[in-house]
Every structure is written in C-alpha cells, then in structure tokens.
> 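One structure is given below, represented as structure tokens, and several questions about it will come after.
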Amino acid sequence: MVIKKNKTLSLENFLKLNEKRKIIAVQGLGFVGSAMSLVCATSQKVKYAVLGVEQNNSNGNSIVNKLNNEQFPFKAEDPKIEQLFKKTIKEKNFLATTNSKAFGYADVIIVDINLDVDKVNNSDGSLKNYSVDLKGFENAIKTIARNCKPDVLILIETTVPPGTCQNIVKPIVLTEIKKRGIKNQTVKIGHSYERVMPGPDYINSIKNFYRVYSGIDKQSEVETKNFLKTVISTNKFPLTKLSNTNATEIAKVLENSYRAMNIAFMVEWSRFSEEASVNLYEIIDAIRMRPTHSNMMYPGLGVGGYCLTKDSLLASWSKQNIIGNEKPLFLSENAVSINDQMPRFAFNFIKSFTPNLLNLNILFMGVSYRGDVGDTRSTPVEKLYEFIHSEGGKIFLHDPYIEFWQEKKINVINELFYFKNKKINIIIITAAHSYYTSEKVVNFLFNLDKLIIFDTIGHFSEDQLLLLQSKHTIKVLGRGDL
C-alpha cells in the first residue's frame with residue numbers, strides 16, 4: 001500500500017464513531033500486535049473497535065504513522081493482511097496511537113510487547129552468559145494499570161518467564177489500581193500465548209489455530225475464554241484450558257525449547273554428513289516417513305527470530321529467579337548455545353571451499369531470519385555477515401521483503417536483477433524465500449557468469465540443483481555428496 005495523506009482521527013472522534021462497539025486496546029504493534037489488531041477489528045462475532053498503542057519514540061511513532069496512513073508496517077506473503085486492513089479502513093474501527101490514555105476506554109487490553117533476553121556470546125558464537133531485564137515489561141504493565149478500567153480484562157500474549165502473571169503482573173496491577181483510590185476493582189488477568197507465524201499464513205496463525213489459555217483466578221479464566229472465542233475459530237480449533245498461568249507460561253517456552261533442541265540436534269549430524277559425503281536431506285526424508293519422526297528438522301544456517309533464540313533462556317532464568325531453584329535448565333541452555341554457533345559452522349563450510357574471501361564480491365540472497373517475511377530480529381544472517389566481512393569479502397545484500405536492515409543500519413536491494421551486470425564471485429542462499437526457487441530466479445542465476453553458489457538451507461530442488469550445477473559450482477550445507 002502507498003502512504004496517503006494523513007487522515008488520522010483524533011482519539012475523541014474515533015470513540016464517537018465507535019460508541020456502539022466494545023473497545024479493545026492492543027499494547028505493542030509489532031509483528032504480533034499489529035496482526036492481532038486486524039483480527040480483533042474484523043471479528044464476525046462481536047463488533048469491536050481497536051486502539052493500538054505504541055511507545056512514544058521514533059520506532060513507535062513510525063509504526064503509528066504508517067498504520068494511520070493506511071500502510072501496514074510489515075511485509076509478508078499473506079493477502080489476508082491487506083484484505084483485513086482494508087476492512088478496518090472502511091469501518092474506521094482501528095486507530096493507532098501513542099496516547100496511553102487509550103487504555104482507559106478499553107474493555108479488553110491485550111499485551112503484545114517485546115520481552116528480550118540480553119545474550120553475550122563468545123567469539124565462536126557459543127553462549128557466554130545472559131540476563132533478563134523485566135523493567136520495560138513492568139513499566140508497560142504499570143502504564144496499563146494507571147489508566148485502565150477497574151473491571152478490564154488484561155490478556156497477556158507476550159512470551160514471559162513462567163510465574164510472571166502471578167508474581168509480577170498481578171501485584172503491579174493491584175498496587176497501581178489501589179493507588180488510584182479504587183477499592184472495588186474487579187480486574188481480570190488472563191494468559192494465552194501467541195503462535196504468530198509471519199509469512200503466507202500470518203493471519204491464520206492467529207485466527208485459525210489452536211490456543212492454550214488460563215487465568216489468575218476462575219473469573220479471569222472464564223472471561224479469557226469468552227473473549228478468545230470471539231476472535232478465534234474455536235469451532236474448528238478448540239481452546240485448551242490449563243490449570244493456571246504458570247502452566248500456560250511454561251507451555252509456551254517448552255514448545256519453543258523443544259523445537260530449538262530439535263534444531264540443535266541436527267547441527268552435529270550435518271557435520272557428520274559432510275564428513276561422510278552423504279546427503280542428509282534424503283536421509284531425513286526417509287526417516288520422516290515414520291510417523292514418530294515426522295518433525296525431524298533439516299540442517300540450516302541457524303536459528304533466528306523472536307522466540308527460538310531466547311525462550312529456553314526465559315524458562316531457565318525463571319527457574320532460578322522466580323520459581324526459586326538455583327540449577328538452570330542445562331540441556332535447554334546448551335541447545336541455544338549450539339544454535340548460536342550454526343552461522344560459524346556455515347562460515348567454516350564456505351571457507352573450506354573458498355579459503356581466501358579477500359576482495360571477492362559476495363551476494364547474500366536473504367537477510368530475514370525466515371522465508372517469505374521481512375523480519376531481521378536475531379537473524380543468523382547477521383553473524384555470517386560479520387564473519388565474512390571480517391575476512392575482507394565485499395558483501396551485497398538482497399531481500400524481496402526488506403529495504404533497510406535496521407540492526408546493521410545497511411540498505412538492502414529489493415530487485416535481484418540489479419545484480420545482472422555486477423561481477424559476483426559467490427552467492428550465498430541465506431533465507432528460504434519462495435521467490436528464490438521461482439523459475440525466473442533460477443534462470444537468472446544460471447545465466448550469470450560462472451560462480452560458486454552456497455545453499456546454506458537446502459532450498460533448491462534436485463532439478464534446480466542439476467541445472468545450476470551444469471554451469472556453476474554449487475555446494476549445499478549438509479550434503480557431502482555435492
């Protein structure tokens with residue numbers, strides 16, 4: 001969508017236009033909150049008006065301005081985003097703001113803010129130490145409690161250390177509301193973690209997917225369930241109630257820790273396959289035919305994104321700092337450390353075939369951590385970029401979804417054919433964008449002057465590999481037979 005002339009409603013006019021609707025406030029308009037806002041605003045079961053609330057800083061103001069000027073702030077391969085966004089524009093029932101007073105009008109407040117883990121890595125990428133700072137999260141909850149209705153439902157979707165709702169959110173809310181002189185508050189606090197997957201199924205990962213939920217008490221549990229039923233297709237995807245918020249908080253970090261462990265497990269096997277000169281992909285495909293092993297992971301460049309890079313650490317930190325056991329979750333922490341080293345392995349793989357990278361023109365195809373979405377949060381491409389840059393390689397970046405790599409402060413080329421007349425020595429496939437396996441792109445790669453292609457994610461099909469191999473040197477991580 002093209003940014004149009006600002007036609008933003010004031011908060012007062014927005015509320016007048018939507019006076020017959022129930023109000024939802026979504027705290028945080030990142031990848032989760034912005035999509036959740038659209039799903040709530042277009043509910044077919046209850047007529048909602050949604051106030052998306054961001055921080056009053058440069059990033060928050062940028063997101064607010066884009067949304068209020070009819071531009072969704074993130075790129076993704078899901079046509080439902082534009083369809084739902086157009087509905088909210090037509091209905092005028094979604095407004096983005098940095099005004100925290102918006103919480104005071106909400107019947108439901110959904111918390112979708114970041115809660116990061118600060119990691120320190122050794123030079124090889126392994127985990128050295130980490131810390132969890134809850135101050136930002138606590139301040140966000142205080143902002144809600146200082147403005148909200150005394151009978152509001154506060155739904156925590158943010159991935160948090162287990163024990164957070166009972167031991168942090170609840171005391172803050174009760175204390176702040178009491179400070180306002182409100183004695184008979186009946187605030188409800190529920191927890192239902194998101195499973196948002198930006199990409200072609202962005203909206204479906206919210207609306208048409210299973211949800212786990214709980215509450216800090218029975219009334220919170222009931223109201224959380226009743227609300228979720230209005231925005232999620234629970235007839236096809238029934239809700240699962242767990243006994244308390246500690247349980248749902250653990251469920252979130254456990255499911256992501258399991259996936260991170262699965263990925264870490266494949267690291268040493270991809271190395272073994274290289275040494276044994278075998279194709280690990282065909283081996284995994286054969287094993288996956290067994291139902292009990294159908295989710296075995298492929299090798300790759302590394303783990304990125306907001307969840308798998310940190311959730312195991314949130315759980316381990318909680319075990320030691322909230323639950324009260326001095327011993328960490330050793331295996332889970334080690335899985336994170338192994339995954340953090342995957343870009344180093346990919347770098348060594350590249351160096352084994354091209355020992356001298358000095359002054360070579362190297363094209364990275366993909367900056368995002370995940371295919372078909374423009375998300376660079378904790379992307380493993382960053383570490384590979386740094387390793388190759390330190391060797392003196394001249395790096396060019398392409399990504400169809402990203403124009404500016406925020407973490408590195410580098411511009412990214414969107415048009416792959418920009419490189420048609422550039423002398424490229426090495427191409428590294430670093431993100432699983434479906435665009436890269438299109439006939440147009442594969443033919444473009446074939447027609448380039450002879451070069452070396454490193455596929456670090458096993459992205460190309462056998463036929464595409466055969467075509468590219470007929471002209472170029474191509475190496476696939478985890479395929480010792482190439």
Side-chain angles (χ1 to χ4, degrees), residues 77-78 195-202 204-205 208-210 212 236-237 240 251-305 307-309 311-312 331-332 334-336 338-343 345-346 349 365-366 368-373 379-380 429-438 442 453-469 474-482:
E77 281 282 309
D78 188 354
R195 285 167 166 150
V196 175
M197 191 65 72
D201 293 319
Y202 200 174
N204 281 339
S205 67
N208 297 309
F209 206 69
Y210 299 100
V212 175
K236 293 182 179 180
F237 302 93
T240 300
K252 170 63 174 185
V253 292
L254 175 57
E255 73 176 51
N256 282 336
S257 297
Y258 168 76
R259 188 169 176 83
M261 186 77 73
N262 195 339
I263 295 168
F265 175 75
M266 296 313 301
V267 173
E268 63 182 4
W269 288 92
S270 62
R271 295 177 182 179
F272 183 25
S273 298
E274 292 291 339
E275 295 164 354
S277 299
V278 298
N279 179 355
L280 184 58
Y281 296 90
E282 69 172 7
I283 294 170
I284 292 173
D285 285 340
I287 294 172
R288 280 180 170 183
M289 294 176 70
R290 183 176 181 179
T292 56
H293 292 61
S294 61
N295 66 342
M296 182 176 282
M297 303 297 292
Y298 288 123
L301 174 60
V303 175
C307 297
L308 300 189
T309 55
D311 284 5
S312 302
L331 287 176
S332 299
N334 194 41
V336 172
I338 291 171
N339 290 336
D340 284 350
Q341 296 175 67
M342 290 172 73
F345 172 48
F349 173 76
M365 286 176 58
S368 176
Y369 86 91
R370 184 173 184 270
D372 296 336
V373 65
T379 176
I429 309 299
T430 43
H433 298 314
S434 55
Y435 172 69
Y436 291 154
T437 55
S438 67
V442 173
I453 300 175
F454 290 101
D455 183 355
T456 67
I457 54 176
H459 200 37
F460 293 119
S461 69
E462 286 297 320
D463 288 343
Q464 290 170 337
L465 287 173
L466 286 172
L467 173 66
L468 294 172
Q469 253 190 318
I474 184 163
K475 298 294 178 181
V476 181
L477 186 67
R479 286 196 59 163
D481 63 336
L482 277 179

> Sort out for me which residue in Thr430, Asp455, Leu477 forms a side-chain contact (heavy atoms from CB on, under 4.5 Å) with Leu301.
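Answer to the side-chain contact (heavy atoms from CB on, under 4.5 Å) test with Leu301 among Thr430, Asp455, Leu477: Thr430.
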
> Specify the closest pair of heavy atoms between Ser273 and Gly478, including all atoms of both residues, with the distance to one decimal.
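In terms of heavy atoms, the two residues are closest at CB-O, 3.9 Å.
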
> State whether a side-chain donor-acceptor pair under 3.5 Å links Asp285 with Tyr298.
yes

> With distance as the sole test, does Arg259 use its side chain to make a donor-acceptor pair with the main-chain N or O of Leu308 at under 3.5 Å?
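No: the side chain of Arg259 does not pair with the backbone of Leu308.
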
> If we only count heavy atoms from C-beta on, is the Glu77 to Tyr435 side-chain gap below 4.5 Å?
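SC-SC contact between Glu77 and Tyr435 ruled out.
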
> Are any side-chain N or O atoms of Asn262 and backbone N or O atoms of Tyr258, one a donor and one an acceptor, separated by less than 3.5 Å?
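Between the backbone of Tyr258 and the side chain of Asn262 there is no qualifying donor-acceptor contact (under 3.5 Å).
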
> List the atom of Leu468, the atom of Val442, and the distance in Å for their closest heavy-atom pair.
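So the two residues come closest at CD2-O, 3.9 Å.
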
> Step by step, work out the side chain to side chain contact (heavy atoms under 4.5 Å, CB included) result for Lys236 and Asn208.
CA-CA 8 Å; Lys236 293 182 179 180; Asn208 297 309; 5.8 Å; no

> So, Asn256 side chain and Asp311 main chain: donor-acceptor pair closer than 3.5 Å or not?
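Not a single qualifying donor-acceptor pair exists.
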
> Which pair of non-hydrogen atoms, one from Gln469 and one from Leu482, has the smallest distance, and what is that distance?
NE2-CD2, 3.1 Å

> Which heavy atom of Tyr202 sits nearest a heavy atom of Val196, and at what distance?
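Scanning both residues completely, I find the closest heavy atoms to be CE2-CG1, 3.6 Å.
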
> Just checking Phe237: does its CZ atom have more than 12 heavy atoms from other residues, nucleotides or ligands closer to it than 6.0 angstrom?
yes

> Verify side chain to side chain contact (heavy atoms under 4.5 Å, CB included) between Phe265 and Met297, making sure each step is shown before the conclusion.
CA-CA 9 Å; Phe265 175 75; Met297 303 297 292; over 6 Å; no

> Output all residues satisfying side chain to side chain donor-acceptor pair (under 3.5 Å) with Glu275, sequence neighbours left out; order by chain, then residue number.
none

> If you measure from SG on Cys307 to CE on Met197, what distance do you get to the nearest 0.5 Å?
8.0 Å

> Provide the closest heavy-atom pair for Pro343 versus Asp340 in the form atom of the first, atom of the second, distance.
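Smallest interatomic distance, heavy atoms only, reads CD-O, 3.5 Å.
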
> Please give me the minimum heavy-atom distance between His459 and Tyr436, naming the atom from each residue.
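Closest pair (atom of His459, atom of Tyr436, distance): CD2-CB, 4.0 Å.
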
> Look only at the side chain of Asn339 and the backbone of Ala264, and say whether a donor-acceptor pair between them is shorter than 3.5 Å.
yes

> So do Asp201 and Phe209 actually touch side chain to side chain, heavy atoms under 4.5 Å?
no

> For His293 and Ile284, indicate whether the former's side chain and the latter's backbone hold a donor-acceptor pair under 3.5 Å.
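Checking the backbone N and O of Ile284 against the side chain of His293, no donor-acceptor pair under 3.5 Å is found.
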
> Counting distance only, does the side-chain N/O of Ser277 pair as donor-acceptor with the main-chain N or O of Asp481 below 3.5 Å?
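Judged by distance alone, no pair lies under 3.5 Å.
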
> Answer yes or no: is there a donor N or O on one side and an acceptor on the other, between the side chain of His433 and the main chain of Asp372, under 3.5 Å?
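Yes, His433 side chain to Asp372 backbone: donor-acceptor pair under 3.5 Å.
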
> I'd like to know if the side chain of Arg288 reaches the main chain of Met296, judged simply by a donor and an acceptor atom lying under 3.5 Å from each other, with no hydrogens or angles considered.
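At least one qualifying donor-acceptor pair exists.
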
> Check the pair Asn279, Glu462 against side chain to side chain contact (heavy atoms under 4.5 Å, CB included), reporting the backbone distance first and the verdict last.
CA-CA 12 Å; Asn279 179 355; Glu462 286 297 320; 4.2 Å; yes

> Is there a donor-acceptor contact under 3.5 Å from the side chain of Thr456 to the main chain of Gly300?
no

> Taking the side chain as every heavy atom from C-beta outward, state whether Ser312 and Met261 have any pair of such atoms under 4.5 Å apart.
no

> Report the C-alpha distance between Phe460 and Leu467 in whole Å, list the side-chain angles of each, state the deciding distance to 0.1 Å, and finish with yes or no for side chain to side chain contact (heavy atoms under 4.5 Å, CB included).
CA-CA 10 Å; Phe460 293 119; Leu467 173 66; over 6 Å; no

> With a 4.5 Å cut-off on side-chain heavy atoms, are Phe349 and Ser270 touching?
no

> Between Arg370 and Pro198, is there a donor-acceptor pair closer than 3.5 Å when you use the side chain of the first and the backbone of the second?
yes

